[in-house]
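When a residue number appears, it is its place in the shown sequence, counting from 1.
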Amino acid sequence: MNRTLMPLCALAVAVAATAGGCTDGTGARGPGPAAAADRQVRQEQLTWRQELRIADARQRLTKQCMNRHGFAYWEDRTLTLRESRPVRYVQDDVAWARAHGYGGRIAAKHARVRESNPIGTYRQSLSAPRRAAFDIALDGGDDARMLAAPLPGGGEIRKRLGGCTEEAERTLYGDPEEWFRTGKAVSGLRALYGGELMEDSRLTSAIRAWSRCMKRTGHPYEDPPAAREAVRTHTVRLGAARADEAFTAERRTAVADALCARETSLRAVASARETYYEDRLRDRFGSDIDTHRDLARQAYDRAVRIVPERD
């Protein structure tokens with residue numbers, strides 16, 4: 001689902017445009033509309049296009065660093081900007097669905113690129129000493145320090161950091177350790193409310209409305225994941241010999257999905273309900289959320305000076 005971690009107080013200001021600001025529940029006055037609106041803009045999550053540009057900048061910086069160490073390195077910009085659009089829980093872009101369905105052919109194209117990854121081929125062509133030097137230059141090798149970030153639901157996740165990878169992240173984010181820590185905190189929030197969200201009466205009502213709409217179009221699926229799984233199964237069953245037929249069916253289902261999502265406002269409902277549950281965790285994770293968003297915005301501002309947007 002699309003995430004919009006906008007504080008409820010800021011939302012109230014944006015909608016109601018009250019002149020006196022919000023209170024914190026104790027009667028104290030909060031920031032006025034202008035300050036709250038500024039905070040809202042600053043804290044908004046980056047779009048997928050902005051996130052993609054950061055990823056491309058990270059590749060460019062890594063390549064430049066590896067080249068300085070005497071190694072070849074390749075950037076992957078195989079997919080166009082349009083092809084790089086992610087397909088999330090709710091897909092309501094009808095034009096995209098008409099052209100790409102659920103992105104099945106795009107995923108296959110990307111998989112082929114990964115299988116023929118020139119970086120892996122190049123690394124394997126190096127002598128053992130040069131291969132070890134390549135690894136050290138790229139991410140610090142076996143002796144690189146290990147970062148550990150606690151997860152909101154318990155446990156932790158680790159990441160090796162060093163070499164050109166660390167240099168690229170430090171250039172973009174300033175503090176790669178803080179970026180990693182807050183990123184895992186934010187991405188792990190769903191574990192704390194996911195079950196409750198999927199049983200939320202407003203969301204389930206919107207999904208049922210979507211399902212009724214789909215049934216009227218001849219696509220009897222209970223929710224968007226069920227529609228996509230049916231398409232995937234159908235594509236596999238038809239096989240490569242009937243790939244065009246499978247893609248036609250994929251696009252037909254995806255278009256119906258997108259049209260029904262628009263008719264039922266499913267994306268808006270899903271986003272609003274996820275915002276509600278995430279905002280309930282702000283007393284515990286608000287600082288991590290804000291810091292992560294600030295670092296992302298900083299990285300994007302730097303990325304636009306490093307790489308152009310994809311065509």
Side-chain angles (χ1 to χ4, degrees), residues 1-8 10-12 14-15 44-49 51 82-107 151-153 186-237 246-282 285 289:
M1 295 182 189
N2 184 32
R3 292 188 165 191
T4 309
L5 296 177
M6 183 165 59
L8 291 178
L11 177 60
V15 173
E44 284 182 349
Q45 185 178 11
L46 296 184
T47 66
W48 65 267
R49 295 174 63 160
E51 290 174 345
R82 191 73 172 155
E83 290 173 331
S84 300
R85 183 190 185 282
V87 178
R88 297 186 169 125
Y89 184 87
V90 181
Q91 203 307 81
D92 62 356
D93 187 330
V94 178
W96 197 90
R98 285 198 178 103
H100 303 292
Y102 287 122
R105 286 190 167 179
I106 296 172
L151 297 173
V186 171
S187 64
L189 291 180
R190 175 65 87 84
L192 301 182
Y193 66 79
E196 196 173 2
L197 170 64
M198 294 313 297
E199 295 179 357
D200 181 271
S201 60
R202 299 183 191 180
L203 178 57
T204 56
S205 177
I207 292 173
R208 286 194 299 270
W210 174 92
S211 182
R212 290 192 297 270
C213 175
M214 288 290 283
K215 187 175 182 178
R216 290 195 301 269
T217 67
H219 300 87
Y221 304 116
E222 64 178 17
D223 56 30
R228 291 169 201 174
E229 178 59 22
V231 165
R232 188 197 68 79
T233 301
H234 182 66
T235 299
V236 171
R237 182 173 59 82
F247 187 53
T248 297
E250 175 185 339
R251 286 186 297 171
R252 186 184 306 118
T253 303
V255 168
D257 184 344
L259 288 170
C260 286
R262 289 198 169 195
E263 179 179 316
T264 60
S265 300
L266 181 56
R267 184 163 66 93
V269 173
S271 179
R273 298 319 292 160
E274 184 155 27
T275 297
Y276 168 76
Y277 287 104
E278 287 181 330
D279 280 343
R280 294 198 311 178
L281 298 172
R282 268 197 162 271
F285 300 102
I289 292 170

Nearest heavy atoms of Ala261 and Gln91, plus distance in Å = CB-O, 4.1 Å
message = Would the distance check show the side chain of Ser211 and the main-chain N or O of Ile207 forming a donor-acceptor pair, the cut-off being under 3.5 Å?
response = no
From NE2 (His100) to CZ (Phe247), nearest 0.5 Å = 7.5 Å
query = Is Asp93 paired with Arg267 through a side-chain N to carboxylate O contact shorter than 4.0 Å?
reply = no
inquiry  = Using the side-chain hydrogen bond (donor to acceptor under 3.5 Å, both in side chains) criterion, which residues pair with Arg273? Sequence neighbours excluded.
reply    = Asp200
remark   = Taken to the nearest 0.5 Å, the spacing of Asp257 CG from Arg251 CZ works out to 15.5 Å
query = What are the two closest heavy atoms between Arg85 and Trp96, and how far apart are they?
reply = CD-CD1, 3.6 Å
note = salt bridge (Lys or Arg N to Asp or Glu O under 4.0 Å) filter on Glu51, not counting sequence neighbours, yields none
Donor-acceptor pairs under 3.5 angstrom involving side-chain atoms of residues 219-226: please list them, not counting sequence neighbours.
unit_1: His219; atom_1: ND1; unit_2: Thr217; atom_2: O; d: 3.2
unit_1: His219; atom_1: ND1; unit_2: Thr217; atom_2: OG1; d: 3.0
unit_1: Asp223; atom_1: OD1; unit_2: Ala226; atom_2: N; d: 2.9

ask   = When rounded to the nearest 0.5 angstrom, what distance separates CE in Met214 from OG1 in Thr253?
value = 6.0 Å
remark   = d(Tyr89 OH, Met198 CE) to nearest 0.5 Å is 3.5 Å
task = For Tyr102 and Ala227, work out which heavy atoms get closest and say how close.
result = OH-CB, 3.7 Å
With Arg228 via salt bridge (Lys or Arg N to Asp or Glu O under 4.0 Å) - residues at least two apart = none
inquiry  = Test of understanding: with salt bridge (Lys or Arg N to Asp or Glu O under 4.0 Å), list the residues that count as partners of Arg105, not counting sequence neighbours.
reply    = Asp244
ask   = Rounded to the nearest 0.5 Å, how far does CD of Glu229 lie from CZ of Arg232?
value = 4.0 Å
task = Work out which heavy atom in Glu250 is nearest to a heavy atom in Gly103; give both atom names and the distance.
result = OE2-N, 3.3 Å
message = On a heavy-atom basis, which atom in Cys213 and which in Glu263 lie closest, and how many Å separate them?
response = SG-OE1, 3.7 Å
key: Which residues share a salt bridge (Lys or Arg N to Asp or Glu O under 4.0 Å) with Arg49, sequence neighbours left out   = Glu309
query = Of Leu197, Leu189, Leu203, which is the lone residue that meets side-chain contact (heavy atoms from CB on, under 4.5 Å) with Tyr277?
reply = Leu197
message = With a sphere of 6.0 Å drawn around CZ of Arg202, does it hold more than 12 non-hydrogen atoms of other residues, nucleotides or ligands?
response = no
note = Here the gap from Glu199 atom CD to Thr204 atom OG1, rounded to the nearest 0.5 Å, amounts to 9.0 Å
